[in-house]
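Report on the following structure.
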Protein chains: 2
Amino acid sequence: MAQVPDLRIKKQPTQGRAKATVEALLDSAAQLLASEGYAAVSTNRVAERAGVSIGSLYEYFPNKQALIAEALARALREVVGETTAGLREALALPDQPRAGIDHWMRAMVAAMEKRDALLRAALREVPFLWQIRELRELSDMLQQVAQEGRLKSSRVVHFEDPEASTWLLMSMVWSAILQTVLYRPSHLSRERLVHTLVDMVLKLL
Amino acid sequence: MAQVPDLRIKKQPTQGRAKATVEALLDSAAQLLASEGYAAVSTNRVAERAGVSIGSLYEYFPNKQALIAEALARALREVVGETTAGLREALALPDQPRAGIDHWMRAMVAAMEKRDALLRAALREVPFLWQIRELRELSDMLQQVAQEGRLKSSRVVHFEDPEASTWLLMSMVWSAILQTVLYRPSHLSRERLVHTLVDMVLKLL
DNA sequence: AGCTAACCTGAGCAAGTGCTCGGAACTACT
DNA sequence: AGTAGTTCCGAGCACTTGCTCAGGTTAGCT
């Protein structure tokens, strides 16, 4: 599976124009990936589209992978942010499991839907995806939240094998959302699926 | 996302040695994809590893994608075969839902585990994966089986929104198996996860 | 104004890629 | 043995890729 590339950024821009250059590069990398797929992302094209010379690209990123990794990391950080915000709001809600879960699921769906093309390309085509720290953080965060939620409600919810159940439950929910957002058949509305998903989660608890 | 490549095979081999050539090409394509990833699969390398000249490769496959698609299709056909066999056996079992579901899940897990490296690479890296007919057939088959199963037991099982529920259920089961086989954390044994998965499916019905 | 560090440029290199094509070798059939 | 079709060969073409480097431009300071 090829050796691990260096995904770290090379140099932090300090001046304002340099920051703009880096932003432009990350933007066009994300756009290109989302609209034309991984194979279409070449460093030359990214630089050209960003209105920046290819030399400048390599001033800040050690290689192509680091550029794409950073562009994806940025999007993932936003998804994590919006998802945790949704969770906080859900926890602040009056104590009805249904309303809370519903609110949280919808926050996740909305966060991913905003970036669906980019995420689709990333999940299907980016070979070094799982080396991106932010992605592991996202799934770790979900697992952690789930395990905490289980501990809190350990008197209400009972699993035969709590650890395995929680892991599996979260994996299923996560991928159900991926399916719903990215690969949903056209005759099933998003609304129906989210509603049903909430039902199922409640059934499993 | 680039335009659709022609994935059909170019010419069917008729003589025995030609069949052996095609087999060798498909084998080494699959091996290379499984062990080193999509980026490492170049037509020259595949031919070399197969002990065949590059010209021969293009005698049978119109382009690189068609070669890889056929190698994957072959593996998927095997998975479909073993999965449906497992389902038939499960249906022949004495009428206990738990035993049947358990048997079927195990058949799917086993079929995929046999080819885990190849499937992992395919799912993570092959850009035109969803244009491969055999993959759509696999997911269609699962959905169909699930819908049929629901109709058969419509007096026992009741869903508020049957169609959406079944779709989501099957998606969740499928991806739970993918997770279990391909991305399982080391501290959770496969056995625990399969057992738990069967529990959850029963809960949802 | 002068100077240093930060920033940008783009022609072009080395290393690949997918694929072609003219011809040689083999097989099957008369 | 003759021959038509099938199969195989591999040098090499046309092209793309990631990336370098020598030199120019701009910003921020004293």
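No option in Val198(B), Val109(B), Leu188(B) other than Leu188(B) meets the side-chain contact (heavy atoms from CB on, under 4.5 Å) test with Leu193(B). Applying the side-chain contact (heavy atoms from CB on, under 4.5 Å) test between Ile68(B) and each of Glu70(B), Gln65(B), Lys64(B) identifies Lys64(B) as the sole match.
Within the 4.0 angstrom heavy-atom criterion, base atoms lie near Asn44(B). As judged by a 4.0 angstrom heavy-atom cut-off over every strand, Glu59(B) is placed among the base-contacting residues. Using a 4.0 Å heavy-atom distance criterion, Val41(B) is classed as a sugar-phosphate-only contact. When heavy atoms are screened at a 4.0 angstrom cut-off, Tyr60(B) is found touching the sugar-phosphate backbone but no base atom.
Taking 4.0 Å as the cut-off between side-chain N and carboxylate O, Glu125(A) and Arg120(A) do not count as a salt-bridged pair. Look at Glu137(A) and Arg133(A) and you find a salt bridge, because one of the NZ, NE, NH1 or NH2 atoms lies within 4.0 Å of a carboxylate O, short of that distance. A salt bridge does not link Lys203(A) with Asp199(A): every distance from a Lys NZ or Arg NE/NH1/NH2 to an Asp or Glu carboxylate oxygen is 4.0 Å or more. For Asp116(B) and Arg184(B), the salt-bridge test fails: no basic side-chain N is under 4.0 Å from an acidic carboxylate O.
Gln12(B) has its CD atom 14 Å from the P atom of dT6(D), to the nearest Å. In this structure, NZ of Lys64(A) is placed 19 Å from P of dA15(C), rounded to the nearest angstrom. Rounded to an integer number of Å, the gap from Glu48(A) CD to dT16(D) C1' is 14 Å. Regarding Lys10(A), its NZ atom lies at a distance of 13 Å from the P atom of dC7(C), rounded to whole Å. To the nearest angstrom, P of dG10(C) lies 14 Å from CG of Leu57(A). We find that CZ of Arg45(B) is positioned 15 Å from C1' of dG18(C), with the value rounded to whole Å. Rounding to whole angstrom units, CG of residue Asn63(A) and C1' of dT17(D) are separated by 14 Å. Straight-line distance from the CG atom of Leu32(A) to the P atom of dG18(D): 11 Å, rounded to whole Å.
At the phosphate of dT7(D), neither OP1 nor OP2 sits under 4.0 Å from any side-chain N or O atom of Thr21(B). For the pair Ser56(B) and dC9(D), the criterion of a side-chain N or O lying under 4.0 Å from OP1 or OP2 is met. Of the side-chain N and O atoms in Tyr58(A), none sit less than 4.0 angstrom from OP1 or OP2 of dT20(D). Listed pair Thr43(B) / dG18(C) meets the phosphate criterion, a side-chain N or O lying under 4.0 Å from OP1 or OP2. Close to dT7(D), at under 4.0 Å from its OP1 or OP2, lies a side-chain N or O of Lys11(B).
Mapping Gln15(B) and Pro62(B) onto DNA chain C by nearest heavy atom places Pro62(B) at the nucleotide closer to the 5' end. When the nearest nucleotides of DNA chain D are assigned to Thr14(B) and Ile54(B) by heavy-atom distance, the more 5′-ward of the two goes with Thr14(B).
Closest to the Val52(B) side chain, of the nucleotides dG28(D), dT27(C), dC9(D), is dC9(D). With dT26(D), dC9(D), dC19(C) as the choices, the nucleotide that has an atom nearest any side-chain atom of Ser53(B) turns out to be dC9(D).
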